[in-house]
Amino acid sequence: LMRKAELAAETIRNFRPDPESFKEVGDGFDVLGNYMGIIMPVAITATAFTLMCLLSARNAGDPYPIRETMLIDGVGTIIASCFGCPFGTVVYIGHPVRLCTG
């Protein structure tokens, strides 16, 4: 167990991001316009879904801050996508049911 902790600490100390890899992030923006017909409806649907979940939680008695929830949801999705995750982070829809069941 100690060896694993030492290896993890060494990995963190030696981590150096490659500046060249950050240039590649902007390369895909040239073709972004071709996919707006897909991106916008998905983004609008995800926004509406999150708002519905927040409204459902508020009706169940748990008023979460809308701005903070939407911001964290979006930032989490962006960070995950930078690591290759194809799925967005989402607010859980079953909140009122979970409250009722304890």
Side-chain angles (χ1 to χ4, degrees):
L1 186 64
M2 186 61 164
R3 179 72 180 140
K4 288 182 181 180
E6 291 170 1
L7 286 173
E10 183 180 340
T11 301
I12 291 170
R13 275 194 308 275
N14 293 331
F15 177 73
R16 303 281 184 271
D18 180 22
E20 292 295 317
S21 63
F22 289 106
K23 285 191 223 176
E24 295 174 6
V25 171
D27 290 346
F29 286 108
D30 297 342
V31 295
L32 193 61
N34 298 336
Y35 298 101
M36 278 300 165
I38 297 169
I39 293 170
M40 291 309 291
V42 170
I44 292 168
T45 303
T47 301
F49 180 77
T50 301
L51 288 172
M52 287 188 298
C53 290
L54 289 172
L55 180 62
S56 175
R58 177 171 291 176
N59 289 341
D62 286 336
Y64 293 104
I66 294 174
R67 181 178 293 146
E68 180 182 347
T69 304
M70 298 290 287
L71 204 79
I72 296 300
D73 191 37
V75 169
T77 299
I78 291 169
I79 291 171
S81 71
C82 289
F83 289 98
C85 180
F87 308 109
T89 56
V90 294
V91 176
Y92 182 61
I93 193 168
H95 185 80
V97 176
R98 298 294 263 183
L99 280 177
C100 290
T101 59

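Heads up: numbering here begins at 1 and tracks the sequence. Atom set for the values below is all heavy atoms of this structure, side chains included, hydrogens, waters and symmetry mates excluded.
Using modelled atom types, one side-chain atom of T11 and one backbone atom of L7 make a donor-acceptor pair closer than 3.5 Å. Put simply, the side chain of N14 gets close to the backbone of E10: a donor and an acceptor are under 3.5 Å apart.
Looking at residues two or more places apart in sequence or on another chain, you find no side chain to side chain contact (heavy atoms under 4.5 Å, CB included) involving L71. Looking at residues two or more places apart in sequence or on another chain, you find a side chain to side chain contact (heavy atoms under 4.5 Å, CB included) between T47 and L51, M70. Applying the side chain to side chain contact (heavy atoms under 4.5 Å, CB included) criterion to I12, with sequence neighbours excluded, gives no partner residue.
No more than 12 heavy atoms of other residues, nucleotides or ligands sit less than 6.0 Å from atom CE of M40.
Atom OG1 of T69 and atom CZ of R67 lie 11.5 Å apart (nearest 0.5 Å). Separating the CG atom in L54 from the CZ atom in F49 is a distance of 10.5 Å, to the nearest 0.5 Å. Rounding to the nearest 0.5 angstrom, the gap separating the OH atom in Y64 from the OG atom in S56 is 11.0 Å.
Across all non-hydrogen atoms, the minimal contact from M36 to P41 is O-CD, 3.9 Å. For T77 against D73, the heavy-atom pair with the smallest separation is OG1-O, 2.9 Å.
When hydrophobic clusters are built by joining Ile, Leu, Val, Met, Phe, Trp and Tyr residues whose side-chain heavy atoms come closer than 4.5 Å, directly or via intermediates, F15 is not grouped with F83.
At a threshold of 4.5 Å between non-hydrogen side-chain atoms, the residues L32 and I39 count as touching.
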